[in-house]
Novice: 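Have a look at this one.
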Amino acid sequence: MRLSTMEPNPAWDADSYPEVVAAFENLDDDVTVRVWGADWCGDCRSQLPDFAAALDAAGVENVEQYPVERDDGEKHGPKVEEYGIELIPTIIIERDGEELARFVEEERVSPAVYLADQL
């Protein structure tokens, strides 16, 4: 299932973020980007479209999306427990099961900038 919040923001300007695009362009084919989010989540609606646009600009295709539901404050969804997901959006970049970088909703910069800096 795809998250509508992962539709790339057409207004995002790749030319304004050359270091972000370059970092994502350098990801090889054995890297997976895992995104936990929800269309009901305000932080996801504000943060994920720009992140999706950055991935799109860099040609990153190996992206897995995990829709999260909330029940009595608890997050439920695919691989939520396995990856220790407590806040959304959470984005993990991994290679062959090894975590390279993790963005969690409470960071002070956008997911694209934060993750590019971690890589």
Side-chain angles (χ1 to χ4, degrees):
M1 180 177 174
R2 289 192 50 86
L3 296 163
S4 65
T5 51
M6 279 296 289
E7 288 298 316
N9 177 0
W12 191 81
D13 180 23
D15 292 338
S16 296
Y17 298 92
E19 68 288 344
V20 169
V21 175
F24 292 143
E25 283 177 337
N26 287 331
L27 296 177
D28 43 32
D29 292 340
D30 58 348
V31 171
T32 302
V33 178
R34 301 182 186 278
V35 180
W36 285 265
D39 295 338
W40 52 262
C41 168
D43 289 321
C44 297
R45 289 193 307 267
S46 68
Q47 296 176 348
L48 292 180
D50 286 354
F51 177 67
L55 294 177
D56 196 45
V60 175
E61 294 181 6
N62 197 6
V63 180
E64 296 186 9
Q65 300 177 30
Y66 304 105
V68 175
E69 295 299 327
R70 180 177 50 195
D71 184 28
D72 290 332
E74 294 286 317
K75 305 288 190 309
H76 302 281
K79 301 188 186 237
V80 164
E81 289 184 22
E82 179 182 341
Y83 282 89
I85 306 303
E86 295 179 9
L87 300 172
I88 57 173
T90 292
I91 302 163
I92 297 174
I93 299 177
E94 64 182 22
R95 176 184 290 118
D96 299 326
E98 179 185 340
E99 189 170 312
L100 303 175
R102 179 184 288 235
F103 171 89
V104 179
E105 169 242 345
E106 59 201 4
E107 298 300 337
R108 298 190 186 281
V109 296
S110 73
V113 170
Y114 183 85
L115 291 166
D117 192 46
Q118 297 299 304
L119 299 169

Novice: Where do Ala11 and Asn9 come nearest, in terms of heavy atoms and distance?
Specialist: N-OD1, 2.8 Å
Novice: Is it true that a side-chain atom of Trp36 and a backbone atom of Leu87 form a donor plus acceptor pair closer than 3.5 Å?
Specialist: no
Novice: Within a strict 4.5 Å, meaning less than it, do heavy atoms of the Leu48 and Ile91 side chains meet?
Specialist: yes
Novice: Measure across Ala14 and Ala57 and return the closest heavy-atom pair with its distance rounded to 0.1 Å.
Specialist: CB-CB, 3.8 Å
Novice: Check for a donor-acceptor pair, side chain of Asp39 on one end and backbone N or O of Ser4 on the other, with a separation under 3.5 Å.
Specialist: yes
Novice: Begin from the C-alpha positions of Trp40 and Ile88 and carry the test side chain to side chain contact (heavy atoms under 4.5 Å, CB included) through to its verdict.
Specialist: CA-CA 11 Å; Trp40 52 262; Ile88 57 173; 3.9 Å; yes
Novice: Below 4.5 Å, heavy atoms only, C-beta onward: do His76 and Asp71 meet side chain to side chain?
Specialist: yes
Novice: Tell me if the CD atom of Glu81 is crowded by more than 12 foreign heavy atoms within 6.0 Å.
Specialist: no
Novice: Are Leu100 and Val21 co-members of a hydrophobic cluster defined by side-chain heavy atoms under 4.5 Å apart?
Specialist: yes
Novice: As an exercise, state the distance from CG of Asp30 to CD of Glu94, rounded to the nearest 0.5 Å.
Specialist: 11.0 Å
Novice: Assigning hydrophobic clusters by single linkage (Ile, Leu, Val, Met, Phe, Trp, Tyr; side-chain heavy-atom cutoff under 4.5 Å), is Leu27 placed with Ile92?
Specialist: no
Novice: One pair to check against side chain to side chain contact (heavy atoms under 4.5 Å, CB included): Val104 and Glu86. What are the steps and the verdict?
Specialist: CA-CA 9 Å; Val104 179; Glu86 295 179 9; over 6 Å; no
Novice: When you compare the side chain of Ile93 with that of Val31, does any pair of heavy atoms fall below 4.5 Å?
Specialist: yes
Novice: Using only atom types and a distance under 3.5 Å, with no angle test, would you say the side chain of Asp117 pairs donor to acceptor with the backbone of Val113?
Specialist: no
Novice: Are Leu115 and Val35 linked, directly or through intermediate hydrophobic residues, by side-chain heavy-atom contacts shorter than 4.5 Å (ILVMFWY only)?
Specialist: yes
Novice: With side chain to side chain contact (heavy atoms under 4.5 Å, CB included) as the test, would you mind laying out the steps for Arg102 and Thr90 before giving the verdict?
Specialist: CA-CA 7 Å; Arg102 179 184 288 235; Thr90 292; 4.3 Å; yes
Novice: What is the minimum heavy-atom distance between Ala54 and Ala112, and which atoms define it?
Specialist: CB-CB, 3.9 Å
Novice: Let me know which of Asp56, Val63, Val33 forms a side-chain contact (heavy atoms from CB on, under 4.5 Å) with Phe51.
Specialist: Val33
Novice: Are Tyr114 and Gln47 close enough that a side-chain donor and a side-chain acceptor fall under 3.5 Å?
Specialist: no
Novice: Which atom pair, heavy atoms only, marks the closest approach of Arg45 to Thr5?
Specialist: CG-CG2, 3.6 Å
Novice: Where do Ala116 and Ala23 come nearest, in terms of heavy atoms and distance?
Specialist: CB-CB, 3.7 Å
Novice: Please report the interatomic distance CZ(Arg34) to CG(Asn62), rounded to the nearest 0.5 Å.
Specialist: 8.0 Å
Novice: Please check if Tyr83 and Met6 belong to a single hydrophobic cluster, counting links between Ile, Leu, Val, Met, Phe, Trp and Tyr side chain heavy atoms closer than 4.5 Å.
Specialist: no
Novice: Linking I/L/V/M/F/W/Y whenever any side-chain heavy atoms sit under 4.5 Å apart, do Phe103 and Tyr66 land together?
Specialist: no
Novice: More than 12 heavy atoms of other residues, nucleotides or ligands under 6.0 Å from OH of Tyr17: is that the case?
Specialist: no
Novice: Quick one: are Asp28 and Arg95 in side-chain contact, heavy atoms under 4.5 Å?
Specialist: yes
Novice: Take Leu119 and Asn26, measure what side chain to side chain contact (heavy atoms under 4.5 Å, CB included) needs, and give me the verdict at the end.
Specialist: CA-CA 9 Å; Leu119 299 169; Asn26 287 331; over 6 Å; no
